[in-house]
Peer 1: 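What follows is a structure written as structure tokens; I'll ask about it next.
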There are 2 protein chains.
Amino acid sequence: MPLRKSSEDKLLDAVDELVFTRGIETTPVDAVLARAGVSAATLYRGFRSKEALIGAALERRHGRWRQVWDDAVDRAADDRLRLLAVFDALDDFAGRPDGARWCAFLGAAAELADPPAEIADALVRDTEHMRRTLRDLAARLPCDDPDDLAEAVLLVFSGELAMRLRDARPRRSTTGRRIAGTLVDAAVAGH
Amino acid sequence: MPLRKSSEDKLLDAVDELVFTRGIETTPVDAVLARAGVSAATLYRGFRSKEALIGAALERRHGRWRQVWDDAVDRAADDRLRLLAVFDALDDFAGRPDGARWCAFLGAAAELADPPAEIADALVRDTEHMRRTLRDLAARLPCDDPDDLAEAVLLVFSGELAMRLRDARPRRSTTGRRIAGTLVDAAVAGH
DNA sequence: GTCTATACGTGGATAGAC
DNA sequence: GTCTATCCACGTATAGAC
């Protein structure tokens, strides 16, 4: 844990704070440089392009999200709450200084109809990981079709994120969590 | 119904077909002009700016969406199906030639952290209208908290839209519709 | 009213000094 | 390794002719 951050870290931090809240296309590199306190030459020494920088920031962010989510799952008392823990994790993550306006991954997908490889890879990895993890958690519950339940939770989770675009004010995941709880109960009861 | 479209209409059509699938920031005005078959001067004669053009396209789109949704509600057999008709409307709308990749309104909100007035107004109008209409439809059902149910359906609807960003391939609203159906049933049963 | 041509700003990326 | 200065491409918007 170095006391002085490297230029790379400062740039990645700036991307988290600026790009993922203000948008990829609307945030010029200059703004990132100013926030990071480094010069353009330094950026292009460490990264091939703006897109590569953003791709790297998405990868780092994905790792951090996994960590927050894992922690929330570990805190949960039973299998039902472990599946719903994704909403606790969302609130934890959104509360961080680098918590974005809605979702950096969906945001990148929304802005870039066909993203460059560095970014596309990060997007696919995020969705695959979410789907796989939710399936594993749903499989521990006594229901007929855990994959189906996992997909429903993923949709509700994505909806909870999208609702952040409709009303500007900060928001907790209570509505999404309550919906998902109802779905889990219905799936378990119908078994 | 004029046989020859006006330049304004051709421009609005081009915005529907290009901007709302490829993104606002990533679609240059030149691409819109080429698609519409008019020149830059003509655009700026009819509209103050690119943003004003997009705002106008969003307004026209909102009216069309209302029409499609109203039709779907009219086709529905009972109050439960009338509330769920928003998903039928979504599939109808997405199937049109001007049906976008996910949602033009959420897309604009995602791209522009603080949009110009012309666009911001259209965004607010869309969400307000959706919320109001869903509340009216939910109020016809025997449940304890129709506003709550309406908000849940709006979240699921938004999630169905957001899921279109995760997997690229075309998608029907079956998952969202099934989830919403479960929520309606649970709300009515709990009454 | 619509076109051609162009002005003007801005953004991403690089060269070369230290 | 980082900075200053700069290049080049592109994107929005306008001027002036027809």
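All values below were derived from every heavy atom in this structure, side-chain atoms included, with hydrogens, water molecules and symmetry-related copies excluded. Each chain gets a letter, A, B and so on, in the order the sequences are listed, and its residues count up from 1.
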Peer 1: Check whether any side-chain nitrogen or oxygen of S39(B) sits under 4.0 Å from OP1 or OP2 of dT4(C), and answer yes or no.
Peer 2: no

Peer 1: Compare side-chain N and O positions of Y44(A) against OP1 and OP2 of dT14(C) and report whether any pair is under 4.0 Å apart.
Peer 2: no

Peer 1: What closest approach, in Å, do E51(A) and P116(A) show between heavy atoms, and which atom pair accounts for it?
Peer 2: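 Smallest interatomic distance, heavy atoms only, reads CG-CG, 3.6 Å.
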
Peer 1: Between atom CD1 in I24(B) and atom P in dG11(D), what is the gap in whole Å?
Peer 2: 16 Å

Peer 1: Less than 4.0 Å between a side-chain N and a carboxylate O, is that true for E160(A) and R177(A)?
Peer 2: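 No, R177(A) and E160(A) are not salt-bridged.
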
Peer 1: To the nearest angstrom, how far is E25(B) atom CD from dT10(C) atom C1'?
Peer 2: 13 Å

Peer 1: Go through F87(A) and V156(A) one step at a time and tell me if the side chain to side chain contact (heavy atoms under 4.5 Å, CB included) criterion holds.
Peer 2: CA-CA 10 Å; F87(A) 294 98; V156(A) 173; 3.9 Å; yes

Peer 1: Checking contacts here: which listed nucleotide (dT14(C), dG11(D), dG12(C)) is nearest the side-chain heavy atoms of P28(B)?
Peer 2: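 The listed nucleotide nearest to P28(B)'s side chain is dG11(D).
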
Peer 1: Check every atom of dC3(C), dG12(C), dC3(D) against the side chain of D30(A) and return the nucleotide holding the closest atom.
Peer 2: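 Nucleotide nearest to D30(A)'s side chain: dG12(C).
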
Peer 1: To the nearest angstrom, how far is I54(A) atom CD1 from dG11(C) atom P?
Peer 2: 14 Å

Peer 1: Any chance you could measure R60(A), atom CZ, to D9(A), atom CG, to the nearest 0.5 Å?
Peer 2: 6.0 Å

Peer 1: Is any side-chain nitrogen or oxygen of S49(A) closer than 4.0 Å to OP1 or OP2 of dG12(C)?
Peer 2: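 So the side-chain polar atoms of S49(A) never come under 4.0 Å of the phosphate oxygens OP1 or OP2 of dG12(C).
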
Peer 1: Could you tell me how far apart L33(A) (CG) and dG1(D) (C1') are, to the nearest whole angstrom?
Peer 2: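 Computing the L33(A):CG to dG1(D):C1' distance gives 15 Å.
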
Peer 1: Choose from dA15(D), dT4(D), dT2(D) the nucleotide whose nearest atom is closest to any side-chain atom of R45(A).
Peer 2: dT2(D)

Peer 1: Of G37(A) and E51(B), whose nearest nucleotide on DNA chain D comes first from the 5' end?
Peer 2: G37(A)

Peer 1: Could you tell me how far apart L53(A) (CG) and dG12(C) (P) are, to the nearest whole angstrom?
Peer 2: 11 Å

Peer 1: Measure from CG on L43(B) to P on dA15(D) and round the result to the nearest Å.
Peer 2: 16 Å

Peer 1: Just compare dC3(D), dT14(D), dT12(D) and give me whichever is closest to any side-chain atom of A40(B).
Peer 2: dT14(D)

Peer 1: Give a yes/no answer on whether the side chain of S7(B) brings an N or O atom under 4.0 Å of OP1 or OP2 in dT2(C).
Peer 2: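 S7(B) to dT2(C) OP1/OP2: side-chain N or O found under 4.0 Å.
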
Peer 1: Within this structure, what is the CG-to-C1' distance between L11(A) and dC3(D), rounded to whole angstrom?
Peer 2: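 Atom CG in L11(A) sits about 14 Å away from atom C1' in dC3(D).
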
Peer 1: Rounded to the nearest 0.5 Å, how far apart are CZ of R64(A) and CZ of F93(A)?
Peer 2: 7.5 Å

